[in-house]
Amino acid sequence: MQIDQKRPLVVQSDFTVLLEVRHPEFDQVRPLLARFADLVKTPEHIHTYRMSALSLWNAAAAGMTTSEITSFLEEHAKFGVPHNIKQDIRRFVERYGLVRIESLGEDLLLISDDVEAIKEMCSFRTLRSYGLCQVDSQTLRFSSIYRGALKQELIKLGYPVQDLAGYTRGEELPIRLRGDASDGKAFQLRDYQTSAVESFYREGSIMGGSGVLVLPCGAGKTIIGIAAMGKLNCATLILTTNTTSVNQWKREILEKTDVTEDMVGEYSGMKKDVRPITIATYQILTYRKSKDDLFIHMDLFNKRDWGLIVYDEVHLLPAPVFRVTADIQATRRLGLTATLVREDGREEDVFSLVGPKRYEMPWKELEGQGWIASVSCTEIRVPLLQAEQDSYLSAEARQKMRIASTSKGKLNVIKQLLAKHKGEQTIIIGQYLDQLKQVAQALGAPLIYGQMPHEEREELYNQFRRGELQTIIVSKVANFAVDLPDASVAIQISGSYGSRQEEAQRLGRILRPKSDANKAFFYTVVSSDTKEQEYALNRQLFLIEQGYQYRIEEYSQAEDEGEITAALDNSYRSKPLNQQSEEEVLST
DNA sequence: GAGCATGCAA
DNA sequence: GCGCATGCATGCTC
């Protein structure tokens, strides 16, 4: 074993990989590591990643090989790579594709070059009900109705099946992208958008046709979906999270393709139009009169001969939709998301039913190419006020979070930040209405929340866009509103527990490229030494995994306003005492 | 049958 | 494991 203390990684035999944050190779090593391992912990000096079966399978599906992974680890590990880890990586990576599904007339075949794998499958009790029937030592035959369910079951048993059984064409529908239009509506796919579409589907290749593309907010997921439609030229069902997004898909399809309005239908609470291109919400699919009733709108999947189903924000796909998706495995499926992480842990179902990850664009890479703004993230820790301190300590666990999140001490920080970023469009985002109302009153800025009619919201958004309003305060509407205007400063004053998605989405609000220095600022204000501070760390995991660094600043309440300004301003220029390491990392 | 308020689900 | 926003259906009014 080669020992080289100068290297940044420690590969441990429990499948975790430690990465030294202050190491000069950090920025170079991190994105590669993230391709096959998940970030799990981020204490100050060392980040812990863990390889899992699924993270390795997704890497394999995206084209990574065993030797790429092990030689990368060997090259950067201080103490080498334990022998058993190398073996296990090989075992997992090779599991993807070890068993594949191919078609044979009406039926399907499970095929493996590994005779032992087939033997093992015959012995699994849970597979009995699928009527697997042995053809020869390497082949099992089964009915195509079990295509989805079987894949779901097999991944649980450690066999991520490669599905090569192909797809139906679906009803034909010519869709031409306005790539060369002379009427000013022309647009060009960016290079990464082209690669993304091609890794989903390439003409003549049997492999493509189902899978997930992972792209940051603001990378143009809709456009990629539309480009895929343009390749396949077939009736398409698009599923998305809310009605605003339904409208947005429709608008973009009409704008970017030659498809006419009568070809595009909306299937939602308001309208039930099934057209060659139909856009629906997940919610209408999962509607039922009572708990043990039928999902009456689920037959939308069979209302037409769809050639493609697009799952927008696939990480939010509701459980009942998985069930139907298992039955339509012969239809091409495209999942789009900014994060494969589901808060309910059903990532394996996404893998087997929608498809494996085909493409991932790291946020930092997009930033490097200038497609999104570069964001500096700062966590500002504010001590609780004396009175809050007491009630915090005596409060029940479940109340603690609320007390910490809504601390009155945050107001001063907000004011300081607004002063610091005077003249920049700023969004303040929070979770508790009481708190937001107080902040709105103190700042004299409008609060946009659920009860406000959409018309009124739109008016405020427009004023903000025109620059007539410089600051707006938004509640959880920000988590859903696709039409929220862009800003260059976001201040998060409270959020829901450890939601990584929420944090990512909020940062997404300031990613649109800026005209001048292309720089944006994300602040998260938390009460120091509280539950909130712990949760804040959790929330940041995903973005840290994407390469963002949070600077941490301790804020102390001073008596005199002027003093506060000085204290805060100063800390941006000099190194905060407790964060020298972060600072050094940034400069490497 | 549009426009609104209400209750419910996840 | 909380608080909030959403979307859907229904039932009322004119």
Side-chain angles (χ1 to χ4, degrees), chain A residues 238-250 266-273 279-300 312-313 315-324 342-346 392 395-407 427-440 447-458 460-461 472-484 492-503 505-506 509 526-527 530-532 534-536 538-539:
Chain A
I238 299 161
L239 304 177
T240 187
T241 49
N242 57 46
T243 49
T244 327
S245 169
V246 169
N247 295 329
Q248 190 172 316
W249 271 96
K250 183 170 178 179
E266 178 185 331
Y267 196 93
S268 66
M270 312 282 284
K271 291 186 203 159
K272 302 278 186 295
D273 268 352
I279 313 162
T281 58
Y282 286 123
Q283 288 212 25
I284 194 148
L285 293 176
T286 57
Y287 174 80
R288 49 185 171 175
K289 281 200 164 62
S290 70
K291 252 198 152 40
D292 28 36
D293 245 323
L294 294 166
F295 297 99
I296 49 180
H297 295 298
M298 215 53 108
D299 65 339
L300 180 59
D312 193 16
E313 313 282 0
H315 60 286
L316 297 173
L317 190 150
V321 179
F322 274 129
R323 262 168 261 151
V324 185
R342 286 181 65 99
E343 313 288 356
D344 68 355
R346 293 192 64 172
Y392 180 83
E396 278 181 64
R398 65 175 71 165
Q399 275 299 313
K400 281 196 157 77
M401 183 63 179
R402 186 168 187 143
I403 294 172
S405 298
T406 58
S407 167
I427 298 181
I428 298 173
I429 314 175
Q431 134 116 342
Y432 301 96
L433 291 179
D434 292 346
Q435 177 190 35
L436 292 167
K437 283 174 185 165
Q438 281 168 18
V439 172
L447 165 63
I448 298 160
Y449 67 113
Q451 301 212 328
M452 182 181 278
H454 280 83
E455 222 174 312
E456 216 170 312
R457 297 185 202 185
E458 200 46 54
L460 287 168
Y461 291 155
I472 52 171
I473 300 165
V474 288
S475 70
K476 266 180 76 170
V477 292
N479 293 13
F480 304 85
V482 236
D483 50 351
L484 195 71
Q492 171 172 254
I493 58 171
S494 51
S496 58
Y497 299 86
S499 174
R500 290 164 281 182
Q501 282 173 31
E502 192 177 77
E503 186 98 349
Q505 197 158 25
R506 289 175 171 181
R509 293 307 178 189
V526 303
S527 292
T530 62
K531 283 252 175 290
E532 191 193 17
E534 287 171 37
Y535 280 116
N538 244 317
R539 299 171 55 85

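Residue numbers begin at 1 in each chain, while the letters A, B, ... track the order of the sequences.
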Using the six-membered ring wherever Trp is involved, compare the ring planes of A/H297 and A/Y287 and label them parallel, tilted or perpendicular (cut-offs 30° and 60°). tilted
Should we say atom OH of A/Y392 is surrounded by more than 12 heavy atoms from elsewhere, each under 6.0 Å from it? yes
Send over the distance from A/L316 CG to C/dA5 C1', rounded to a whole Å. 14 Å
For A/L317, is there any backbone N or O sitting under 3.5 Å from a side-chain donor or acceptor partner on A/R342? yes
Given 3.5 Å as the limit, does a donor-acceptor pair link the side chain of A/E266 with the main chain of A/V246, or not? no
How would nucleotides 1-10 of chain B be written as a contact map, 5' to 3', with B for base contact, S for sugar-phosphate-only contact and - for no contact, using protein heavy atoms under 4.0 Å? ---------S
Would you kindly give the CD1-to-C1' distance between A/I473 and C/dC4, to the nearest whole Å? 17 Å
Using OP1 and OP2 only, check whether a side-chain N or O of A/R398 sits under 4.0 Å from C/dG1. no
Can you check the A/K400 NZ to C/dG1 P distance for me, whole Å? 15 Å
Can you see if the side chain of A/T281 gets near the phosphate of C/dG7 - specifically, an N or O under 4.0 Å from OP1 or OP2? no
Measure the distance from CD on A/Q399 to P on C/dG1 and round it to the nearest whole Å. 14 Å
Please check if the side chain of A/D483 supplies one atom and the backbone of A/T244 the other of a donor-acceptor pair under 3.5 Å. no
Compare the minimum distances between each of C/dG1, C/dC4, C/dC8 and the side chain of A/T243, then state the nucleotide with the smallest one. C/dC8
Which part of the nucleic acid does A/S496 contact within heavy-atom distance under 4.0 Å: base, sugar-phosphate only, or nothing? nothing
Can you tell me if A/E532 and A/T530 form a side-chain donor-acceptor pair at under 3.5 Å? no
Using whole Å, what does the distance between atom P of nucleotide C/dC4 and atom CZ of A/R506 come to? 13 Å
Grab the N/O contacts between the protein and nucleotides 12-14 of chain C below 3.5 Å, and write none if there aren't any.
none

Atom CD of A/E502 to atom P of C/dC4: distance rounded to whole Å? 13 Å
Quick check on side-chain contact (heavy atoms from CB on, under 4.5 Å): which of A/I429, A/I427, A/L447 does A/I473 satisfy it with? A/L447
Using atom types as modelled and distance alone, determine if a side-chain donor or acceptor of A/R457 lies under 3.5 Å from a backbone N or O of A/I448. no
Can you find a side chain N or O atom of A/H297 that sits less than 4.0 Å from OP1 or OP2 on C/dC8? no
Euclidean distance, atom OH of residue A/Y432 to atom C1' of C/dC4 [Å, nearest integer]: 10 Å
For DNA chain C, produce a single dot-bracket line, 5' to 3'. Pairs: Watson-Crick or G-U wobble, both distances under 3.5 Å. Symbols: ( ) within strand, [ ] crossing, | other strand, . unpaired. .....|||||||||
Say whether A/Q435 and A/S494, considering side chains only, have a donor N or O and an acceptor N or O under 3.5 Å apart. yes
Just by distance, no angles: are the side chains of A/Q431 and A/S405 close enough, under 3.5 Å, to form a donor-acceptor pair? no
Under 3.5 Å, is there a donor-acceptor pair between the side chain of A/R506 and the main chain of A/N479? no
Assign each of A/Q451 and A/S268 the nucleotide of DNA chain C bearing its closest heavy atom; nearer the 5' end lies the nucleotide of A/Q451
Mind checking A/K531 for me? I need base, sugar-phosphate or nothing, with any heavy atom below 4.0 Å counting as a touch. nothing
Would you confirm whether A/R288, through its side chain, and A/L294, through its main-chain N or O, come within 3.5 Å as a donor-acceptor pair? no
Interatomic distance where CD1 belongs to A/I279 and C1' belongs to C/dG7 [whole Å]: 17 Å
Go through C/dC8, C/dA5, C/dC2 for me and flag the one nearest to the A/Y287 side chain. C/dC8
